[in-house]
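Data block below; observations after.
Per chain, numbering begins at 1; letters A, B, ... match sequence-line order. Just the heavy atoms: all of them, side chains too, but no hydrogens, waters or symmetry mates, feed the values below.
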There are 2 protein chains.
Amino acid sequence: MKSYHHGNLKQELINCACRLCERDGYTKLSIRSLAKESGVSQTAPYRHFETKETLYASVATEGFKKLSKACHIDADKKITKKHLVEIGYNYIEFGLKNANTYDLMFGTAVGNFAEYPELLESANSTYENMRLSFSKLASDSDEVIAFKCITLWSMVHGLVGILRKVQVVGDDFDEGVGPISTASVIATNLEDHLDKVLTGLIQS
Amino acid sequence: MKSYHHGNLKQELINCACRLCERDGYTKLSIRSLAKESGVSQTAPYRHFETKETLYASVATEGFKKLSKACHIDADKKITKKHLVEIGYNYIEFGLKNANTYDLMFGTAVGNFAEYPELLESANSTYENMRLSFSKLASDSDEVIAFKCITLWSMVHGLVGILRKVQVVGDDFDEGVGPISTASVIATNLEDHLDKVLTGLIQS
DNA sequence: GCTATCATGTTTACACTGCTAACATTAAAT
DNA sequence: ATTTAATGTTAGCAGTGTAAACATGATAGC
């Protein structure tokens with residue numbers, strides 16, 4: 001006894017899209033398959049998402065919320081360098097374990113965040129969280145804090161990219177000092193690595 | 001008086017694809033439009049590229065060759081830290097000026113480089129060039145050299161990603177210490193920034 | 001030089017996609 | 001109770017990747 005109106009279609013579409021995006025990558029996701037999965041007509045999603053990019057933006061928004069949570073450090077306690085390393089580590093872990101969603105968040109599938117207020121908000125809040133943590137480590141100026149924060153972010157962001165690129169090739173290629181094995185070494189000693197870089201960053 | 005056989009179709013398709021990919025982004029590129037552009041039937045490209053991914057791989061290969069060239073330092077002269085900063089700067093410049101091609105090289109459009117020998121070769125050779133430059137700076141062990149090299153690479157790779165993501169939003173958003181203006185500061189002082197990070201890296 | 005072969009190009013066709021327009025149903029507002 | 005707006009459906013367009021069957025012509029062996 002299915003009613004004509006679904007009742008909760010938008011949220012169900014988003015949930016479904018998040019699941020399928022992460023499972024198969026966002027390129028494999030089609031609005032039509034999504035509609036079928038929710039037992040609704042092919043064009044029903046268009047009542048809730050103007051274009052496919054709008055749907056992508058919703059998935060990316062969810063992604064930033066999860067990333068925010070993964071990188072959150074309890075604000076009450078005193079922040080040490082160890083905490084920052086932890087943030088970086090958690091960031092990288094998120095990027096590697098949610099690789100397909102991560103692509104949607106940082107790739108070009110969603111062109112301009114400013115067109116999607118919720119997305120812009122969730123992305124900015126991820127940044128604000130990180131910045132707050134840095135601000136509790138030392139009494140730097142706002143500019144220096146922001147600078148360090150962006151430096152850490154680009155560092156871990158870059159590592160996610162390189163590690164992923166190198167992982168898929170497989171490790172029977174460059175025994176020794178090639179990019180694959182080197183990246184592996186970095187990956188297995190991530191905390192050490194982040195610690196070194198952050199030490200340089202914090203002291204300067 | 002056009003002959004049935006084109007004569008140089010494969011190379012023309014690659015050139016055309018490189019141009020269109022960089023102009024419109026690889027998602028806008030279709031095999032059919034490419035064929036039309038070369039004045040040939042819709043399915044002719046399939047005689048030269050098994051799938052669309054194979055075509056992508058060719059474009060990415062060209063990309064790595066250009067990147068290699070952009071990051072090349074003349075091997076004869078003595079390498080100083082300044083040269084490494086220059087490499088990093090050139091890398092970032094390439095990533096920003098060839099953003100769409102860069103996506104193809106480091107995104108997920110081409111899944112596994114190992115399936116495309118020429119691509120794997122050109123990507124590895126980019127890495128080897130960089131590693132060679134590092135090896136001429138100090139007498140580190142191969143492992144340390146590789147480590148530093150991957151660290152610089154992930155650093156600049158991450159900066160390209162963050163800078164691009166933040167650029168499209170526009171700079172009338174977060175006056176002061178938001179990610180946009182901070183990234184702008186880093187961008188306009190790229191040499192300084194790389195110098196700082198590299199100094200920490202080289203001394204450790 | 002003649003012919004068989006094979007690389008390369010064409011035509012046709014299928015299943016899929018994003019998206020629009022016109023219409024149907026029902027919940028909410030007046 | 002009636003109007004209206006939100007949400008759903010159906011039909012259809014133009015475009016896509018790709019496979020199969022066929023056409024053409026360059027080239028290799030006789």
task: Look at the side-chain N and O atoms of B:H48 and state whether any lies under 4.0 Å from the OP1 or OP2 oxygen of C:dA7.
output: no
task: Using distance alone, with no hydrogens and no angle criterion, decide if B:S30 and B:S33 have a side-chain donor and acceptor under 3.5 Å apart.
output: yes
- request: Round to a whole Å and report the spacing from CZ of B:F49 to P of C:dG9.
  value: 11 Å
message: Would you say B:T151 and A:H193 are linked by a side-chain donor-acceptor pair, where the criterion is simply a distance under 3.5 Å?
response: yes
Show every donor-acceptor pair shorter than 3.5 Å between a side-chain atom in residues 12-19 of chain A and any protein atom, with sequence neighbours excluded, or say none if there are none.
| residue | atom | partner | partner atom | Å |
| --- | --- | --- | --- | --- |
| A:E12 | OE1 | A:H6 | NE2 | 3.2 |
| A:N15 | OD1 | A:Q11 | NE2 | 3.1 |
| A:N15 | ND2 | A:Q11 | O | 3.4 |

statement: Rounded to whole Å, the NZ-P distance (A:K28 to D:dG17) equals 12 Å
task: Measure the distance from NZ on A:K10 to P on D:dT7 and round it to the nearest whole Å.
output: 9 Å
field: Length of the line joining A:Q11:CD and D:dT7:C1', which is rounded to integer Å
entry: 17 Å
query: When the ring planes of A:H157 and A:F106 are compared, do they come out parallel, tilted or perpendicular, using 30° and 60° as the limits?
result: tilted
- request: With DNA chain C as reference, determine whether A:T51 or B:R47 sits nearer its 5' end, using the nearest nucleotide of each.
  value: B:R47
message: Can you confirm whether B:E118 is buried at CD, in the sense that more than 12 heavy atoms of other residues, nucleotides or ligands lie under 6.0 Å from that atom?
response: no
field: Spacing between A:Y26 atom OH and C:dG18 atom C1', to the nearest angstrom
entry: 16 Å
- prompt: How close or far is atom C1' of D:dA19 from atom CD of B:E50, stated in whole angstroms?
  reply: 13 Å
field: Pairs involving residues 16-53 of chain B, ordered by first then second residue, that meet ring pair (Phe, Tyr, Trp, His ring centres under 6.0 Å) (sequence neighbours left out)
entry: B:Y26-B:Y56
query: For A:L29, which contact category applies under a 4.0 Å heavy-atom criterion: base, sugar-phosphate, or nothing?
result: sugar-phosphate
task: Measure from NZ or CZ of B:K196 to the centre of the six-membered ring of A:F147, then state whether that distance is under 6.0 Å and the direction lies within 45° of the axis.
output: yes
Between the protein and nucleotides 10-13 of chain D, which nitrogen or oxygen pairs are less than 3.5 angstrom apart?
| residue | atom | partner | partner atom | Å |
| --- | --- | --- | --- | --- |
| D:dT10 | O4 | A:T43 | OG1 | 2.6 |

query: What is the distance from CD1 of A:I31 to P of D:dT9, rounded to the nearest Å?
result: 15 Å
d(CG, B:L34; C1', D:dT18) in whole Å: 15 Å
